[in-house]
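Below, chains carry the letters A, B, ... as their sequence lines are ordered, and counting in each starts from 1.
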2 protein chains.
Amino acid sequence: MTRPISDALHARIRRDIESRIMSGQWRPGHRIPYEHEWMEAYGCSRMTVNKALRSLVQSGLLESRKRAGTFVAAPRFHRAALEIPDIRAEVEGQGLTYRLDLLSRDRRKATEADKALLRVSSGDLLAIECRHFADDLPYALEHRLINLAAVPEAAEVDFSTQPPGSWLLAHVPWTEAEHRITAINADPATAQSLHVPENAACVALERWTWIGAGRDDERITYARQLYPGDRYALTAHFHA
Amino acid sequence: MTRPISDALHARIRRDIESRIMSGQWRPGHRIPYEHEWMEAYGCSRMTVNKALRSLVQSGLLESRKRAGTFVAAPRFHRAALEIPDIRAEVEGQGLTYRLDLLSRDRRKATEADKALLRVSSGDLLAIECRHFADDLPYALEHRLINLAAVPEAAEVDFSTQPPGSWLLAHVPWTEAEHRITAINADPATAQSLHVPENAACVALERWTWIGAGRDDERITYARQLYPGDRYALTAHFHA
DNA sequence: TAGTGGTCTAGACCACAGC
DNA sequence: CTGTGGTCTAGACCACTAG
């Protein structure tokens, strides 16, 4: 007997509906009972029913159509929550010793290549190349651009010990982000840097970060991290 | 001037709070006004305020501590919503023609290897190898195991034209899932199958799917899909 | 047009963590 | 203790859309 997560009535209603969907009793497209009927079934107010249903709609398990009812949603893809930890936190979380190796740091006017990556039209930026180590084994190779128009303080920060990602996470707390995950073969320089054979498959994780509506000066940073494919895995989980 | 997504009062309150967090006006750890104060500020009831706050708590931007108040949450990692489309839908969504190539189909008792992958202790399963084509170019190579104890109907399905993922998505609608993304070098057979050079980097996407608490007979399927790294990218986005 | 979900109100009681 | 958020009620009006 597992202990219930929450005894709240709306949570019970939610779980009841969930289990009927997960058991296959209610298939995609099935119209579930009207909110009115749930009120009667549970002897509660409509707000309580509504709270349960809205929560399931937000999870993607249900969809509401005005005037028609609430239906079991037809899944069109697998959803999962991807939680990408800060590298230092991830390494230390595994009980390993983290070390940063700053390869280069360049403050410059955005080149054409920078502009394309950072998605700005002009301005100064900080370009950083660094390696992340876990117990003296290379963990990831990072190429990062920081938009100094958006984060001028970054120009004064010492990134020789503090990873740029950690600093940014703490100083530009809430952003929007887009991620792109691909696989690439390590070129000779990358291979040497990561201590992997030439052409070894690497996970390439790119991240674009900005604030708000996405104007030029709100672009925060671009990061490209390469992980040895045989030592690293991204994991994602779809909650119940 | 962008058109507002929703004019609902709780949505406006939500956006107001969001923008103060995203602009940096309220930093992690900051205690935002009490629900009582929001009521007065907006001249609305507490339920309306609560709806906005709960929504932000669920997004991870806020956290509530009873008796203390509601605080801006400290981001500990980058969150993103990963939406992995059904391959057929994804291919057709790009305006390409989808074709399935069933390489093998084997109904068998679970071998030791199967058990480890599917995470069951025994039982019959369906093992499928197939290739997905987009306009006659190999798009992905798939190895799939389906637990027949959980999905007996799968034994009768014709998977020579219908991709197993699409069938399962439609017939075992809602499950829990775990994903693992790595990069691998194509071995000779894989390279030939995907029309890529030997050792080409490929994105390996593994997915374990089950229902409910996760007992043996509730394990649904294991899938491993290999995508040519230079033709494929997974994308994930963190919503505002 | 009838009836659904979407939204909102003006209260209420409670558990609980901080003071 | 006090006051917070968590939860819930018994109504209400509205927009929308399916029939």
Side-chain angles (χ1 to χ4, degrees), chain A residues 3-18 20-21 26-75 239-240, chain B residues 3-18 20-21 26-74 174 239-240:
Chain A
R3 186 117 187 85
I5 306 282
S6 164
D7 279 335
L9 183 51
H10 67 84
R12 284 207 291 125
I13 298 176
R14 188 195 151 117
R15 283 196 300 272
D16 286 358
I17 296 173
E18 254 179 15
R20 297 208 211 197
I21 295 174
W26 288 343
R27 311 222 133 229
H30 177 87
R31 206 213 77 228
I32 74 170
Y34 298 122
E35 298 193 354
H36 168 73
E37 302 178 72
W38 289 106
M39 285 175 60
E40 290 184 353
Y42 285 86
C44 67
S45 78
R46 202 180 132 218
M47 278 297 287
T48 303
V49 170
N50 192 260
K51 191 163 191 168
L53 298 190
R54 294 277 297 172
S55 152
L56 287 164
V57 167
Q58 195 174 348
S59 307
L61 260 73
L62 295 180
E63 61 185 358
S64 299
R65 293 205 293 271
K66 282 185 182 177
R67 175 60 223 239
T70 302
F71 299 78
V72 177
H239 82 292
Chain B
R3 186 117 186 85
I5 306 283
S6 164
D7 279 334
L9 184 51
H10 67 83
R12 284 206 293 122
I13 298 175
R14 189 196 149 115
R15 284 195 299 273
D16 286 358
I17 297 173
E18 252 177 19
R20 296 207 211 199
I21 295 174
W26 287 344
R27 308 223 130 228
H30 177 87
R31 205 213 78 227
I32 74 169
Y34 298 123
E35 299 193 354
H36 168 73
E37 304 178 71
W38 289 106
M39 286 175 60
E40 290 183 353
Y42 284 88
C44 67
S45 78
R46 203 180 130 217
M47 278 296 287
T48 304
V49 171
N50 192 261
K51 193 164 191 170
L53 297 191
R54 295 277 294 171
S55 153
L56 287 164
V57 167
Q58 196 174 347
S59 307
L61 259 72
L62 294 181
E63 60 185 359
S64 299
R65 293 205 294 271
K66 279 187 185 178
R67 175 61 223 229
T70 302
F71 298 78
V72 177
W174 290 109
H239 82 291

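- Between A/Leu56 and A/Thr70, every side-chain heavy-atom pair lies at or beyond the 4.5 Å cut-off.
- Contact check, A/Arg67 against C/dT1: no side-chain N or O comes under 4.0 Å of OP1 or OP2.
- Residue A/His30 places its NE2 atom among more than 12 non-hydrogen atoms of other residues, nucleotides or ligands, all under 6.0 Å distant.
- What separates CZ of B/Arg31 from C1' of D/dG3 is a distance of 12 Å, to the nearest Å.
- Close to C/dT4, at under 4.0 Å from its OP1 or OP2, lies no side-chain N or O of A/Thr70.
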Q: Give the B/S/- string for nucleotides 8-14 of chain D, one per nucleotide from 5' to 3', where a protein heavy atom under 4.0 Å of the base yields B, of only the sugar-phosphate yields S, and otherwise -.
A: BBB-B--
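- In terms of phosphate contacts, A/Ser64 brings a side-chain nitrogen or oxygen within less than 4.0 Å of OP1 or OP2 of C/dG6.
- In this structure, A/Asn50 and A/Glu35 approach most closely via the heavy-atom pair ND2-OE2, 3.1 Å.
- Using modelled atom types, one side-chain atom of B/Glu37 and one backbone atom of B/Tyr34 make a donor-acceptor pair closer than 3.5 Å.
- Within residues 32-40 of chain A, no residue places a heavy atom under 4.0 Å from DNA chain D.
- By the 4.5 Å heavy-atom criterion applied to side chains, B/Tyr42 and B/Ile13 are counted as neighbours.
- Between B/Asn50 and A/Arg65, it is B/Asn50 whose nearest contact on DNA chain D lies nearer the 5' terminus.
- Smallest separation of non-hydrogen atoms from B/Met39 and B/Ser45: CG-C, 3.9 Å.
- Base pairing of D/dG19 is not made with any nucleotide, judged by Watson-Crick or G-U wobble geometry with both donor-acceptor distances under 3.5 Å.
- When rounded to the nearest whole Å, the span between CZ of A/Arg12 and C1' of D/dG6 equals 16 Å.
- If you measure from atom NZ of A/Lys66 to atom P of C/dG5, you get 12 Å, rounded to the nearest angstrom.
- A pairwise comparison of heavy atoms in B/Arg31 and B/Ala68 identifies CD-O, 3.5 Å as the closest pair.
- A/Pro33 and A/Trp26 make their closest contact through CD-CH2, 3.8 Å (heavy atoms, listed as atom of the first residue, atom of the second, distance).
- Evaluated for a salt bridge (charged side-chain N to carboxylate O under 4.0 Å, His left out) with B/Glu18, the options B/Arg15, B/Arg20, B/Arg14 yield exactly one hit, B/Arg14.
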